[in-house]
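These notes are about the structure you will find just below.
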Amino acid sequence: MPHSKGDRVCLTHPKTKKTVNAIVFKVAAKVSVVTDDLEVFTGGPAVFTPSKVPIPSKLHDFMANLTLEKGARVEYEHEGAMVYGVVSKGGENVVVVLDGGRQESRGPAYLYHRSNHPLPVDPPSDMDRWAVTNYREVKALSEETPCFTATITYDGKPVLLADNRGQGGPNGYATHPKAPKGTKWETKLLDDAKAWAEQFGCAHPVPGETDDWLDWHVTERPFGVTAAAHFANWNAMTARLRKAED
């Protein structure tokens with residue numbers, strides 16, 4: 001008898017040899033089920049037979065998390081400790097960037113649980129008033145640098161347009177048509193980015209402070225990389241390079 005996703009079935013547990021109830025969550029050449037004790041088994045259709053035992057609530061929760069969207073905050077247990085991260089690639093099989101941005105975890109979405117654990121954050125900074133919105137990267141044109149367009153806001157108001165052609169050059173910035181008058185927004189952003197780098201421990205000059213902040217805001221900050229961690233990584237990398245040159 002063919003099975004469908006969501007079917008209630010039972011099977012003989014391969015270890016205990018007892019009958020256990022489960023629910024079908026994936027049907028392909030073989031059928032994948034999760035038991036009432038949240039064990040996952042895969043086998044041929046004949047292994048599973050229909051069951052009329054009610055579905056427990058924890059299985060409903062399991063079925064609700066068969067896919068995870070990009071940006072979802074998740075957690076899972078690893079070697080006795082809880083690990084937190086953010087989904088960078090969603091779907092049934094996901095990629096999770098762990099807090100700090102230096103490691104990834106990959107696997108079926110059901111291995112991860114949605115989490116309310118807050119992302120690591122920095123102390124307040126004047127750069128908190130700045131944000132990047134409408135970021136659009138054209139991967140086909142991204143060569144030495146990301147090819148993108150974006151809007152930069154200040155206190156929620158658009159003040160600058162940013163872009164990069166993807167050929168290794170610095171970002172370009174232009175005043176947004178709706179920017180409030182009377183402020184040199186590109187200069188202000190640069191000054192605030194320099195102060196931000198100094199505040200969070202940048203020990204060696206960063207080429208293009210504004211570009212560095214924008215890249216951090218888009219590619220690191222969403223995954224729990226604080227500014228302090230960003231500059232700690234930069235300092236360590238710069239120190240290694242200088243040592244290698246000596």
- Run the side chain to side chain contact (heavy atoms under 4.5 Å, CB included) check on Phe200 and Asp122 step by step: do they pass? CA-CA 9 Å; Phe200 290 108; Asp122 290 299; 3.6 Å; yes
- Message: Set out, in order, the CA-CA distance, both residues' side-chain angles and the distance that settles side chain to side chain contact (heavy atoms under 4.5 Å, CB included) for His204 and Asn235, then state yes or no.
- Response: CA-CA 6 Å; His204 307 287; Asn235 294 340; 3.9 Å; yes
- Does the pair Ile152 and Trp130 meet the rule for a side chain to side chain contact (heavy atoms under 4.5 Å, CB included), with working shown? CA-CA 7 Å; Ile152 297 177; Trp130 293 92; 3.6 Å; yes
- Start with the C-alpha gap between Arg102 and Asn233, add the side-chain angles, then the distance that decides, and say whether side chain to side chain contact (heavy atoms under 4.5 Å, CB included) holds. CA-CA 10 Å; Arg102 306 186 75 175; Asn233 293 337; 3.4 Å; yes
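Scanning for side chain to side chain donor-acceptor pair (under 3.5 Å) contacts around Ser32 gives Thr42, with sequence neighbours left out. Contacts of Thr12 classified as side chain to side chain donor-acceptor pair (under 3.5 Å), with partners at least two apart in sequence or in another chain: none.
Rounded to the nearest 0.5 angstrom, His78 NE2 and Ser105 OG are separated by 8.5 Å. The distance from the NE2 atom of His13 to the CD atom of Glu39 is 3.5 Å, given to the nearest 0.5 Å. We find the CZ-CG distance between Arg129 and Asp192 to be 8.5 Å, quoted to the nearest 0.5 Å. Put simply, CG on Asn134 and OG1 on Thr153 are 9.5 Å apart, with the number rounded to the nearest 0.5 Å. Lys70 NZ to Lys89 NZ: the interatomic distance, rounded to the nearest 0.5 Å, is 11.0 Å. If you take CG on Leu59 and CD1 on Ile23, they are separated by 6.0 Å, rounding to the nearest 0.5 Å.
Here the closest heavy-atom approach between residue Ser142 and residue Cys147 is recorded as OG-N, 2.8 Å. Of all the heavy atoms in Lys157 and Pro180, the pair that sits closest is CD-CG, 4.3 Å. The nearest pair of heavy atoms linking Leu38 to Val34 is CA-CG2, 3.6 Å. His176 and Leu160 get closest at one heavy-atom pair: CB-N, 3.6 Å. Between Gly80 and Glu77 the shortest heavy-atom distance is CA-OE2, 3.7 Å. Scanning all heavy atoms of the two residues, the minimum distance from Arg73 to Pro120 falls at NH2-CD, 4.3 Å.
In this pair, Phe62 and Tyr110 present their aromatic rings tilted. The plane angle is within the 30 to 60° band. Classification of the Trp185-Tyr154 ring pair by plane angle, with boundaries at 30° and 60°, yields tilted.
Note: the hydrophobic cluster containing Val87 also contains Met63 (ILVMFWY, side chain heavy atoms under 4.5 Å, direct or indirect links). Val97 and Val74 are assigned to two separate hydrophobic clusters, defined by single-linkage of ILVMFWY side chains at heavy-atom distances under 4.5 Å. A single hydrophobic cluster is seen to contain both Leu111 and Phe25, as judged by linkage of ILVMFWY side chains at heavy-atom distances under 4.5 Å, directly or through other members. Trp213 and Leu161 fall into different hydrophobic clusters, defined by Ile, Leu, Val, Met, Phe, Trp and Tyr side-chain heavy atoms under 4.5 Å apart, directly or through other members. Phe231 and Leu190 are members of different hydrophobic clusters when ILVMFWY side chains are connected at heavy-atom separations under 4.5 Å.
Asp211 places a side-chain N or O within 3.5 Å of a backbone atom of Asn171 that can act as its donor or acceptor partner. Between the Lys17 side chain and the Pro14 main chain, a donor and an acceptor come within less than 3.5 Å of each other. In this structure, Gln199 contributes its side chain and Pro124 its backbone to a donor-acceptor pair below 3.5 Å. Judged purely by atom type and a 3.5 angstrom limit, Arg8 uses its side chain to pair as donor or acceptor with the backbone of Ala22. In this structure, Asp128 contributes its side chain and Ser125 its backbone to a donor-acceptor pair below 3.5 Å.
Around atom CD of Glu198, no more than 12 heavy atoms belonging to other residues, nucleotides or ligands sit under 6.0 Å away. Other residues, nucleotides and ligands place no more than 12 heavy atoms under 6.0 Å from the NZ atom of Lys30. Atom NE2 of His60 is surrounded by more than 12 heavy atoms from other residues, nucleotides or ligands within 6.0 Å. Other residues, nucleotides and ligands place no more than 12 heavy atoms under 6.0 Å from the CD atom of Gln103.
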Name each donor-acceptor pair under 3.5 Å that joins a side chain in residues 214-230 to protein atoms two or more places apart or in another chain, with its distance.
unit_1	atom_1	unit_2	atom_2	d
Trp216	NE1	Val225	O	3.0
Thr219	OG1	Asp215	O	2.7
Glu220	OE2	His230	ND1	2.7
Thr226	OG1	Ala229	N	3.0
His230	NE2	Asp212	OD1	3.1
His230	NE2	Asp212	OD2	3.0

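A donor atom on one side chain and an acceptor atom on the other are not found under 3.5 Å apart for Asn21 and Asp36.
Put simply, the residue from Asn93, Val96, Val95 that forms a side-chain contact (heavy atoms from CB on, under 4.5 Å) with Arg106 is Val95.
Side-chain contact between Glu69 and Val94: absent, with no pair of heavy atoms (C-beta onward) separated by less than 4.5 Å. Between Tyr76 and Leu98 there is a side-chain heavy-atom pair separated by less than 4.5 Å. Tyr112 places a side-chain heavy atom less than 4.5 Å from the side chain of Leu68.
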